Amino acid sequence: MSLPSQFLIGAATSSHQVEGNNIYNDWWEWEQSRPDIGNSGRATDHWNKYKEDFALAKQLGHTAHRFSIEWSRIEPKPGAFNRKAIEHYREVLEELRRLNIKSFVTLHHFTNPVWLAKKGGWENGYAVDRFEKYVRYVAQHLGHLVDFWVTINEPMVYASQSYWRADWPPQKRTLRGMLRVIRNMAYGHMIAYRVLHSITPDTPVGLAKHLIAYLPEHRRQLDDQIMAGLEDWWFNHRFFSLTGNTHDFIGVNYYFTTKLRVKLFPPRFMKVPWEGAVSDINWPIRPEGLTHVLLHMKKYNLPIYITENGLADASDSKRSEFIRSHIKAVKKAMQQGVNVRGYLHWSLLDNFEWADGFKPRFGLIAVDYKTLERKIRPSAYVLKAFADSANI
Ligand code: BGC
(Lines give C-alpha, C1' and ligand atoms only; values in the text may rest on other atoms or scores of the structure.)
Protein backbone atom coordinates (compact mmCIF):
# COMPACT_ATOMS: atom_id res chain seq x y z
CA MET A 1 0.00 0.00 0.00
CA SER A 2 1.37 3.42 -0.89
CA LEU A 3 0.50 6.54 1.03
CA PRO A 4 -2.57 8.32 -0.30
CA SER A 5 -2.04 11.58 -2.15
CA GLN A 6 -2.71 14.53 0.19
CA PHE A 7 -1.10 12.56 3.03
CA LEU A 8 1.00 15.21 4.81
CA ILE A 9 4.65 14.57 5.59
CA GLY A 10 6.91 16.86 7.54
CA ALA A 11 8.54 17.52 10.89
CA ALA A 12 7.90 19.28 14.19
CA THR A 13 9.71 21.60 16.60
CA SER A 14 8.76 23.64 19.67
CA SER A 15 9.67 27.24 20.48
CA HIS A 16 11.83 26.78 23.56
CA GLN A 17 13.71 23.88 22.04
CA VAL A 18 14.85 25.68 18.89
CA GLU A 19 14.27 29.43 18.94
CA GLY A 20 16.84 30.52 21.50
CA ASN A 21 16.70 33.27 24.14
CA ASN A 22 13.23 32.61 25.47
CA ILE A 23 14.12 34.59 28.55
CA TYR A 24 10.61 35.23 29.85
CA ASN A 25 9.52 31.67 30.51
CA ASP A 26 9.71 29.37 33.51
CA TRP A 27 12.13 26.93 31.82
CA TRP A 28 14.66 29.65 31.17
CA GLU A 29 14.44 30.73 34.78
CA TRP A 30 14.80 27.15 36.01
CA GLU A 31 17.79 26.46 33.76
CA GLN A 32 19.72 29.23 35.52
CA SER A 33 19.70 27.11 38.68
CA ARG A 34 20.62 23.89 36.83
CA PRO A 35 24.20 24.15 35.54
CA ASP A 36 24.17 20.34 35.17
CA ILE A 37 21.66 20.67 32.32
CA GLY A 38 23.05 23.80 30.75
CA ASN A 39 21.20 26.80 29.51
CA SER A 40 19.02 26.58 26.40
CA GLY A 41 20.80 29.82 25.42
CA ARG A 42 20.52 30.60 21.74
CA ALA A 43 19.53 26.95 21.04
CA THR A 44 19.53 26.58 17.24
CA ASP A 45 18.73 30.27 16.72
CA HIS A 46 15.69 29.21 14.72
CA TRP A 47 14.15 32.57 15.70
CA ASN A 48 16.53 34.18 13.19
CA LYS A 49 17.15 31.22 10.93
CA TYR A 50 13.64 29.98 10.30
CA LYS A 51 13.79 30.88 6.60
CA GLU A 52 16.94 28.83 6.12
CA ASP A 53 15.35 25.95 8.07
CA PHE A 54 12.11 26.01 6.11
CA ALA A 55 14.07 26.10 2.84
CA LEU A 56 15.71 22.85 3.95
CA ALA A 57 12.32 21.38 4.90
CA LYS A 58 11.06 22.27 1.43
CA GLN A 59 14.13 20.71 -0.15
CA LEU A 60 13.28 17.57 1.84
CA GLY A 61 9.82 17.44 0.29
CA HIS A 62 7.92 18.41 3.46
CA THR A 63 4.31 19.33 2.92
CA ALA A 64 3.56 20.16 6.57
CA HIS A 65 5.40 21.68 9.52
CA ARG A 66 4.50 21.84 13.20
CA PHE A 67 5.92 24.54 15.47
CA SER A 68 4.85 26.28 18.66
CA ILE A 69 4.17 29.87 19.53
CA GLU A 70 5.98 31.00 22.66
CA TRP A 71 3.38 32.45 25.02
CA SER A 72 6.04 34.31 27.05
CA ARG A 73 7.18 36.19 23.95
CA ILE A 74 3.63 37.13 22.99
CA GLU A 75 2.72 38.17 26.54
CA PRO A 76 5.90 38.85 28.53
CA LYS A 77 3.80 40.65 31.17
CA PRO A 78 0.14 39.87 31.91
CA GLY A 79 -2.06 41.71 29.44
CA ALA A 80 0.90 43.40 27.71
CA PHE A 81 0.90 41.76 24.30
CA ASN A 82 4.01 42.22 22.20
CA ARG A 83 3.30 43.33 18.65
CA LYS A 84 6.83 42.55 17.51
CA ALA A 85 6.54 38.92 18.58
CA ILE A 86 3.20 38.51 16.80
CA GLU A 87 4.71 40.14 13.75
CA HIS A 88 7.54 37.60 13.82
CA TYR A 89 5.16 34.64 13.89
CA ARG A 90 3.12 36.24 11.12
CA GLU A 91 6.26 36.26 8.98
CA VAL A 92 6.98 32.64 9.94
CA LEU A 93 3.48 31.60 8.85
CA GLU A 94 3.69 33.63 5.66
CA GLU A 95 6.93 31.91 4.80
CA LEU A 96 5.30 28.50 5.23
CA ARG A 97 2.40 29.61 3.03
CA ARG A 98 4.83 30.86 0.39
CA LEU A 99 6.51 27.46 0.37
CA ASN A 100 3.15 25.70 0.25
CA ILE A 101 3.81 23.91 3.55
CA LYS A 102 0.79 23.39 5.79
CA SER A 103 1.18 24.71 9.34
CA PHE A 104 0.32 22.97 12.60
CA VAL A 105 0.51 25.68 15.26
CA THR A 106 0.90 24.57 18.88
CA LEU A 107 -0.20 27.13 21.46
CA HIS A 108 1.33 25.55 24.57
CA HIS A 109 4.39 23.31 24.50
CA PHE A 110 5.53 22.84 28.13
CA THR A 111 6.67 26.45 28.80
CA ASN A 112 4.80 29.16 30.71
CA PRO A 113 5.45 32.88 31.08
CA VAL A 114 7.32 33.50 34.38
CA TRP A 115 4.49 35.71 35.65
CA LEU A 116 2.06 32.81 35.25
CA ALA A 117 4.39 30.32 36.93
CA LYS A 118 4.69 32.73 39.89
CA LYS A 119 0.91 32.56 40.32
CA GLY A 120 1.00 28.77 40.57
CA GLY A 121 0.99 27.96 36.85
CA TRP A 122 -1.64 25.46 35.75
CA GLU A 123 -2.38 24.43 39.33
CA ASN A 124 -4.28 27.68 39.52
CA GLY A 125 -7.52 28.22 37.57
CA TYR A 126 -6.12 31.66 36.71
CA ALA A 127 -4.02 29.91 34.03
CA VAL A 128 -7.20 28.92 32.20
CA ASP A 129 -8.44 32.54 32.03
CA ARG A 130 -5.08 33.81 30.90
CA PHE A 131 -4.69 31.04 28.33
CA GLU A 132 -8.06 31.98 26.86
CA LYS A 133 -6.98 35.61 26.43
CA TYR A 134 -3.65 34.65 24.89
CA VAL A 135 -5.29 32.19 22.49
CA ARG A 136 -7.84 34.81 21.45
CA TYR A 137 -5.10 37.33 20.74
CA VAL A 138 -3.07 34.88 18.68
CA ALA A 139 -6.11 33.69 16.73
CA GLN A 140 -7.21 37.26 15.98
CA HIS A 141 -3.79 38.20 14.64
CA LEU A 142 -2.59 35.01 13.00
CA GLY A 143 -5.65 32.83 12.54
CA HIS A 144 -6.05 33.52 8.82
CA LEU A 145 -2.60 31.99 8.19
CA VAL A 146 -2.94 28.81 10.27
CA ASP A 147 -3.93 25.44 8.78
CA PHE A 148 -4.26 23.37 11.99
CA TRP A 149 -4.40 24.41 15.63
CA VAL A 150 -2.80 22.25 18.32
CA THR A 151 -3.96 23.70 21.63
CA ILE A 152 -1.73 21.91 24.14
CA ASN A 153 1.18 19.53 23.75
CA GLU A 154 1.11 16.37 25.89
CA PRO A 155 -0.87 17.56 28.93
CA MET A 156 -0.45 14.25 30.79
CA VAL A 157 3.32 14.25 30.28
CA TYR A 158 3.59 17.87 31.39
CA ALA A 159 1.49 17.25 34.52
CA SER A 160 3.39 14.15 35.56
CA GLN A 161 6.92 15.40 34.76
CA SER A 162 6.37 18.71 36.57
CA TYR A 163 4.00 17.79 39.41
CA TRP A 164 4.55 14.11 40.12
CA ARG A 165 8.03 13.00 39.02
CA ALA A 166 9.47 16.42 39.92
CA ASP A 167 11.83 16.28 36.93
CA TRP A 168 10.72 19.54 35.30
CA PRO A 169 9.92 22.96 36.74
CA PRO A 170 8.37 23.59 39.22
CA GLN A 171 9.65 20.16 40.37
CA LYS A 172 6.74 19.34 42.65
CA ARG A 173 5.55 15.99 43.89
CA THR A 174 1.90 16.42 44.65
CA LEU A 175 -0.91 14.15 43.54
CA ARG A 176 -3.52 16.83 44.14
CA GLY A 177 -1.44 19.34 42.21
CA MET A 178 -1.01 16.99 39.29
CA LEU A 179 -4.74 16.25 39.14
CA ARG A 180 -5.50 19.95 39.25
CA VAL A 181 -3.09 20.65 36.41
CA ILE A 182 -4.73 17.95 34.29
CA ARG A 183 -8.18 19.33 35.02
CA ASN A 184 -7.18 22.94 34.28
CA MET A 185 -5.44 21.95 31.07
CA ALA A 186 -8.61 20.13 30.03
CA TYR A 187 -10.59 23.34 30.65
CA GLY A 188 -7.87 25.28 28.84
CA HIS A 189 -8.20 23.03 25.81
CA MET A 190 -12.00 23.17 25.76
CA ILE A 191 -12.11 26.95 26.05
CA ALA A 192 -9.39 27.32 23.41
CA TYR A 193 -11.43 25.05 21.14
CA ARG A 194 -14.43 27.37 21.47
CA VAL A 195 -12.40 30.56 21.01
CA LEU A 196 -10.54 29.20 17.97
CA HIS A 197 -13.75 28.03 16.35
CA SER A 198 -15.39 31.40 16.89
CA ILE A 199 -12.48 33.19 15.13
CA THR A 200 -11.37 30.60 12.56
CA PRO A 201 -14.43 28.37 12.13
CA ASP A 202 -12.94 26.31 9.30
CA THR A 203 -9.56 25.55 10.85
CA PRO A 204 -9.35 22.13 12.55
CA VAL A 205 -8.49 22.16 16.25
CA GLY A 206 -6.92 19.32 18.20
CA LEU A 207 -4.16 18.62 20.68
CA ALA A 208 -0.98 16.57 20.60
CA LYS A 209 -1.44 13.55 22.84
CA HIS A 210 1.47 11.41 23.92
CA LEU A 211 0.27 7.81 23.59
CA ILE A 212 1.96 4.75 25.02
CA ALA A 213 1.21 1.21 23.84
CA TYR A 214 0.63 -0.72 27.08
CA LEU A 215 0.92 -4.49 26.78
CA PRO A 216 0.43 -7.13 29.47
CA GLU A 217 3.56 -9.27 29.79
CA HIS A 218 1.41 -12.39 29.80
CA ARG A 219 -1.55 -11.99 27.52
CA ARG A 220 -3.56 -14.66 29.28
CA GLN A 221 -2.84 -13.45 32.78
CA LEU A 222 -5.72 -11.43 34.14
CA ASP A 223 -3.77 -9.19 36.55
CA ASP A 224 -1.25 -8.18 33.86
CA GLN A 225 -4.15 -7.45 31.54
CA ILE A 226 -5.99 -5.38 34.11
CA MET A 227 -2.86 -3.36 34.84
CA ALA A 228 -2.23 -2.64 31.16
CA GLY A 229 -5.90 -1.69 30.74
CA LEU A 230 -5.78 0.68 33.71
CA GLU A 231 -2.63 2.41 32.50
CA ASP A 232 -4.14 2.72 29.04
CA TRP A 233 -7.32 4.22 30.43
CA TRP A 234 -5.49 6.69 32.66
CA PHE A 235 -2.65 7.86 30.46
CA ASN A 236 -4.06 7.48 26.94
CA HIS A 237 -7.79 8.05 27.26
CA ARG A 238 -8.46 10.06 30.43
CA PHE A 239 -7.75 13.43 28.81
CA PHE A 240 -10.07 12.64 25.93
CA SER A 241 -12.87 11.71 28.32
CA LEU A 242 -12.35 15.03 30.18
CA THR A 243 -12.49 17.05 26.98
CA GLY A 244 -15.38 15.29 25.23
CA ASN A 245 -16.14 16.25 21.67
CA THR A 246 -13.82 19.27 21.46
CA HIS A 247 -11.51 17.63 18.94
CA ASP A 248 -11.61 17.92 15.16
CA PHE A 249 -8.64 15.59 14.85
CA ILE A 250 -6.32 13.62 17.10
CA GLY A 251 -2.64 14.49 17.21
CA VAL A 252 -0.59 11.41 18.15
CA ASN A 253 2.89 11.69 19.64
CA TYR A 254 4.31 8.18 19.74
CA TYR A 255 7.59 7.10 21.37
CA PHE A 256 6.97 4.16 23.73
CA THR A 257 5.62 0.65 24.11
CA THR A 258 5.53 -0.57 27.69
CA LYS A 259 5.14 -4.18 28.82
CA LEU A 260 3.66 -4.56 32.30
CA ARG A 261 3.88 -7.35 34.82
CA VAL A 262 2.00 -7.56 38.12
CA LYS A 263 3.59 -9.20 41.17
CA LEU A 264 1.27 -10.20 43.97
CA PHE A 265 3.83 -10.88 46.71
CA PRO A 266 4.78 -8.21 47.62
CA PRO A 267 2.11 -6.42 45.61
CA ARG A 268 3.62 -4.17 42.91
CA PHE A 269 3.70 -3.75 39.22
CA MET A 270 6.74 -3.36 37.05
CA LYS A 271 7.79 -2.47 33.56
CA VAL A 272 9.43 -5.40 31.85
CA PRO A 273 12.64 -4.39 30.04
CA TRP A 274 12.76 -4.90 26.28
CA GLU A 275 15.48 -6.65 24.36
CA GLY A 276 16.59 -5.26 21.03
CA ALA A 277 17.39 -1.94 19.42
CA VAL A 278 17.38 1.24 21.49
CA SER A 279 18.04 4.91 20.72
CA ASP A 280 20.98 6.95 22.07
CA ILE A 281 18.99 7.62 25.24
CA ASN A 282 18.00 3.97 25.61
CA TRP A 283 14.43 4.28 24.44
CA PRO A 284 13.45 0.92 22.92
CA ILE A 285 12.49 1.09 19.24
CA ARG A 286 9.06 -0.56 18.88
CA PRO A 287 7.26 0.38 15.65
CA GLU A 288 4.46 -2.15 16.23
CA GLY A 289 3.34 -0.02 19.19
CA LEU A 290 2.42 2.76 16.78
CA THR A 291 -0.06 0.48 15.00
CA HIS A 292 -1.37 -0.55 18.43
CA VAL A 293 -2.06 3.01 19.65
CA LEU A 294 -3.56 4.03 16.31
CA LEU A 295 -5.99 1.11 16.45
CA HIS A 296 -6.91 2.21 19.99
CA MET A 297 -7.75 5.70 18.71
CA LYS A 298 -10.08 4.36 16.02
CA LYS A 299 -13.06 4.45 18.38
CA TYR A 300 -13.01 8.28 18.42
CA ASN A 301 -13.80 8.27 14.73
CA LEU A 302 -11.67 11.33 13.97
CA PRO A 303 -8.90 12.05 11.48
CA ILE A 304 -5.48 11.37 12.98
CA TYR A 305 -2.17 13.13 12.38
CA ILE A 306 1.05 11.78 13.82
CA THR A 307 2.26 15.04 15.38
CA GLU A 308 5.53 13.55 16.74
CA ASN A 309 7.56 10.39 16.31
CA GLY A 310 11.33 10.10 16.32
CA LEU A 311 14.47 9.08 18.14
CA ALA A 312 17.78 10.36 19.46
CA ASP A 313 20.40 9.06 17.03
CA ALA A 314 23.50 11.23 16.67
CA SER A 315 25.25 8.91 14.20
CA ASP A 316 22.06 8.57 12.10
CA SER A 317 22.66 4.82 11.95
CA LYS A 318 19.12 3.86 13.03
CA ARG A 319 16.91 6.71 11.87
CA SER A 320 16.40 5.50 8.27
CA GLU A 321 15.10 2.12 9.37
CA PHE A 322 13.14 3.80 12.17
CA ILE A 323 11.31 5.98 9.64
CA ARG A 324 10.63 3.05 7.31
CA SER A 325 9.32 0.78 10.04
CA HIS A 326 7.15 3.46 11.65
CA ILE A 327 5.57 4.54 8.36
CA LYS A 328 4.92 0.86 7.70
CA ALA A 329 3.22 0.68 11.11
CA VAL A 330 1.05 3.65 10.15
CA LYS A 331 0.07 1.96 6.88
CA LYS A 332 -0.83 -1.19 8.75
CA ALA A 333 -3.26 0.77 10.93
CA MET A 334 -4.68 2.50 7.84
CA GLN A 335 -5.29 -0.87 6.23
CA GLN A 336 -7.40 -1.72 9.29
CA GLY A 337 -9.54 1.36 8.82
CA VAL A 338 -7.74 4.02 10.88
CA ASN A 339 -8.02 7.43 9.23
CA VAL A 340 -4.41 8.68 9.41
CA ARG A 341 -3.76 11.76 7.31
CA GLY A 342 -0.23 12.83 8.07
CA TYR A 343 3.10 12.06 9.70
CA LEU A 344 5.36 14.67 11.32
CA HIS A 345 8.75 13.50 12.44
CA TRP A 346 10.33 14.74 15.68
CA SER A 347 12.28 16.77 14.91
CA LEU A 348 13.24 18.97 12.00
CA LEU A 349 16.40 20.05 13.84
CA ASP A 350 18.59 18.89 16.68
CA ASN A 351 17.37 20.83 19.69
CA PHE A 352 17.26 21.46 23.43
CA GLU A 353 15.86 18.22 24.84
CA TRP A 354 14.49 19.67 28.11
CA ALA A 355 16.16 18.23 31.22
CA ASP A 356 18.54 16.21 29.00
CA GLY A 357 20.03 19.36 27.52
CA PHE A 358 21.58 19.40 24.06
CA LYS A 359 23.05 15.91 24.07
CA PRO A 360 20.26 13.88 22.46
CA ARG A 361 20.14 14.46 18.71
CA PHE A 362 16.61 14.13 17.36
CA GLY A 363 17.05 16.12 14.15
CA LEU A 364 16.54 15.15 10.52
CA ILE A 365 18.97 18.04 10.23
CA ALA A 366 22.08 18.12 12.41
CA VAL A 367 23.00 21.40 14.08
CA ASP A 368 26.53 22.37 15.00
CA TYR A 369 25.87 24.38 18.14
CA LYS A 370 29.16 26.26 17.87
CA THR A 371 28.74 27.53 14.30
CA LEU A 372 24.96 27.01 14.03
CA GLU A 373 25.65 25.28 10.73
CA ARG A 374 22.88 22.93 9.53
CA LYS A 375 23.59 19.63 7.81
CA ILE A 376 20.93 17.31 6.42
CA ARG A 377 21.27 13.79 7.79
CA PRO A 378 20.98 10.97 5.19
CA SER A 379 17.85 9.56 6.85
CA ALA A 380 16.01 12.77 5.97
CA TYR A 381 16.00 11.53 2.38
CA VAL A 382 14.20 8.36 3.43
CA LEU A 383 11.37 10.52 4.73
CA LYS A 384 11.59 12.59 1.54
CA ALA A 385 10.93 9.49 -0.56
CA PHE A 386 7.67 8.95 1.38
CA ALA A 387 6.76 12.62 0.97
CA ASP A 388 7.42 12.42 -2.78
CA SER A 389 5.33 9.27 -3.12
CA ALA A 390 2.37 10.97 -1.39
CA ASN A 391 2.78 14.12 -3.40
CA ILE A 392 2.17 12.74 -6.87
C1 BGC B 1 7.91 16.33 23.42
C2 BGC B 1 9.10 17.00 22.78
C3 BGC B 1 10.36 16.20 23.09
C4 BGC B 1 10.19 14.81 22.53
C5 BGC B 1 11.40 13.89 22.73
C6 BGC B 1 7.89 14.83 23.27
O7 BGC B 1 7.31 14.24 24.38
O8 BGC B 1 6.72 16.91 22.95
O9 BGC B 1 9.19 18.32 23.24
O10 BGC B 1 11.52 16.79 22.61
O11 BGC B 1 9.11 14.19 23.20
O12 BGC B 1 11.62 13.69 24.09
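Both ligands and their constituent atoms are indexed starting at 1 by order of listing. Here the structure is a predicted model, which is why all the values come from computation and not from measurement.
One finds a salt bridge joining R130 and E75 here, because a Lys/Arg side-chain nitrogen approaches an Asp/Glu carboxylate oxygen to under 4.0 Å.
Note that K209 lies in the cation-pi zone of F235, set by a 6.0 Å cut-off to the ring centre and a 45° limit from the axis. Because its NZ or CZ atom is not both nearer than 6.0 Å to the ring centre of W122 and within 45° of the ring axis, R180 does not count as a cation-pi partner of that residue.
When E308, H16, E353 are ranked by how near their heavy atoms come to atom 6 (C) of ligand 1, first place goes to E308. Among Y255, W283, F362, the residue whose heavy atom lies nearest to atom 4 (C) of ligand 1 is Y255.
For E308, the salt bridge (charged side-chain N to carboxylate O under 4.0 Å, His left out) criterion is met by R66, not counting sequence neighbours.
Interface of N153 with ligand 1, defined as ligand atoms under 4.0 Å from a residue heavy atom, comprises 8 (O).
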Using a 3.5 Å cut-off and no angle test, enumerate the donor-acceptor pairs between side-chain atoms of residues 359-368 and protein atoms at least two apart in sequence or in another chain.
unit_1	atom_1	unit_2	atom_2	d
R361	NH1	D350	OD2	2.7
R361	NH1	V367	O	2.7
D368	OD1	K370	N	2.8
D368	OD1	T371	N	3.2
D368	OD2	T371	OG1	3.4

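Ligand 1 has an N or O atom lying under 3.5 Å from an N or O atom of E154, backbone or side chain. At a 3.5 angstrom cut-off on N or O pairs, H109 counts as close to ligand 1.
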